[in-house]
Amino acid sequence: MLQLKPLHPDLGVEISGCDLSKPVSEADFQTIKDAFFRYSVVVIHDQKLPAEAQASFLRRFGIPKISQRKEFHAPGVPEIGRLGNTKNPDGTPSAFLDRHGNLWHSDTASDEQERILGVTMLYCVSTPTSGGDTMFTSSVKAFDTLPPDQRSELRQLTVVHNFNKHNDGLLAKNPGSAMPLSAEDRAKWPDREHNLVCIHPVTGKSCLFVTPTLVKKIGDHAETESEKLAEELVAHATRPEAVLRHKWRSGDLVFWDNVAAMHSASPANYEGGERLMHRGYAYIEASAEQKAASAA
Ligand code: SIN
């Protein structure tokens, strides 16, 4: 029997009473999926989840997105990527060290408007004794707590996100902190125009959809002004009382809705040892009616 325990007034629920290494019944999966949309972030402790079992669970949500970093795929399971600071015996990295994660973002900010509804799923294989927490905030609450006039203004605006801008920004600050991209790779990341306030395709709620480091333009504002507005909105969204901080334990599975929640890793200097996560993403296909309602 599944039990649900909310974790924060704005988002997050812990689900207990399930073993995801075994087939999950349709009824239990529906409970988990409903909880996912209701609470935006789901935490399930004490799982023993081989990469293939995680990929099967991920596929029940939608269409997995395969990471371009093939060298870090779990062996034989391309849907799952290794993320962390672990090394091979020869000293080369055995996982992708995401130096970018400690910025508030949505993992689908560089995707087309129709594909922003996605789940990210992290399974914790090992965690340092200090550092490496993941933080979440509700994009719904962030929008709801803005002044009414500002909410009306923001509803009229679109935001242009671009991954190359984010990657170039990291390289400019700290060469080596990101991978320089070839012209061919850059072409895979065109500008993406999103509604700054997205109507969530499943819940119908208004969500602030903005990832500051990718912002090129908001409405008719110039780039610098757009960046400033994005940062102000995210500063509001991430007020300390609005943040749910997850302290990892080995065997945790945490997954979140990238429209209804933003997230940030804490800085990647994991003082207390190895961090290794198995990460998967999937696009969630909303029904035609849901998509039409959210595009309107
Ligand atoms: C992510 O940003 O997708 C990963 C977050 C984390 O490593 O804590």
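Just so you know, ligand 1 is whichever comes first in the structure, and atom 1 is the first atom listed for that ligand. For the numbers below, each heavy atom of this structure counts, side chains included, while hydrogens, waters and symmetry mates do not.
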S.K.: Which atoms of ligand 1 sit under 4.0 Å from any heavy atom of Asp107?
M.R.: 3 (O)
S.K.: May I ask you to check if ligand 1 and Arg279 share an N or O to N or O distance below 3.5 Å?
M.R.: yes
S.K.: Taking side chain to side chain donor-acceptor pair (under 3.5 Å) as the definition, give me every residue that meets it alongside His8, ordered by chain and number, with sequence neighbours left out.
M.R.: none
S.K.: For His263, is at least one N or O under 3.5 Å away from an N or O on ligand 1?
M.R.: yes
S.K.: Do Tyr283 and Asp111 have side-chain N/O donor and acceptor atoms under 3.5 Å apart?
M.R.: yes
S.K.: If you count heavy atoms of other groups shown closer than 6.0 angstrom to CG of Asp220, is the number above 12?
M.R.: no
S.K.: Any luck finding a side-chain donor-acceptor pair between Arg155 and Ser206 under 3.5 Å?
M.R.: yes
S.K.: Short N/O distance, under 3.5 Å, between Thr134 and ligand 1?
M.R.: yes
S.K.: Heavy atom under 4.0 Å from ligand 1: found in Met121's side chain, backbone, both, or neither?
M.R.: neither
S.K.: For residues 227-235, please give each side-chain donor-acceptor pair under 3.5 Å, one per line with the distance, not counting sequence neighbours.
M.R.:
| unit_1 | atom_1 | unit_2 | atom_2 | d |
| --- | --- | --- | --- | --- |
| Glu227 | OE2 | Lys165 | NZ | 2.3 |
| Lys228 | NZ | Glu232 | OE2 | 3.3 |

S.K.: Using a 6.0 Å cut-off, check whether atom NZ of Lys48 has over 12 heavy atoms from anything other than its own residue.
M.R.: no
S.K.: Side chain or backbone, does His105 bring an N or O within less than 3.5 Å of an N or O on ligand 1?
M.R.: yes
S.K.: Any heavy atom of Met277 sitting closer than 4.0 Å to ligand 1?
M.R.: no
S.K.: Does the N or O separation between Arg275 and ligand 1 drop below 3.5 Å for any pair?
M.R.: yes
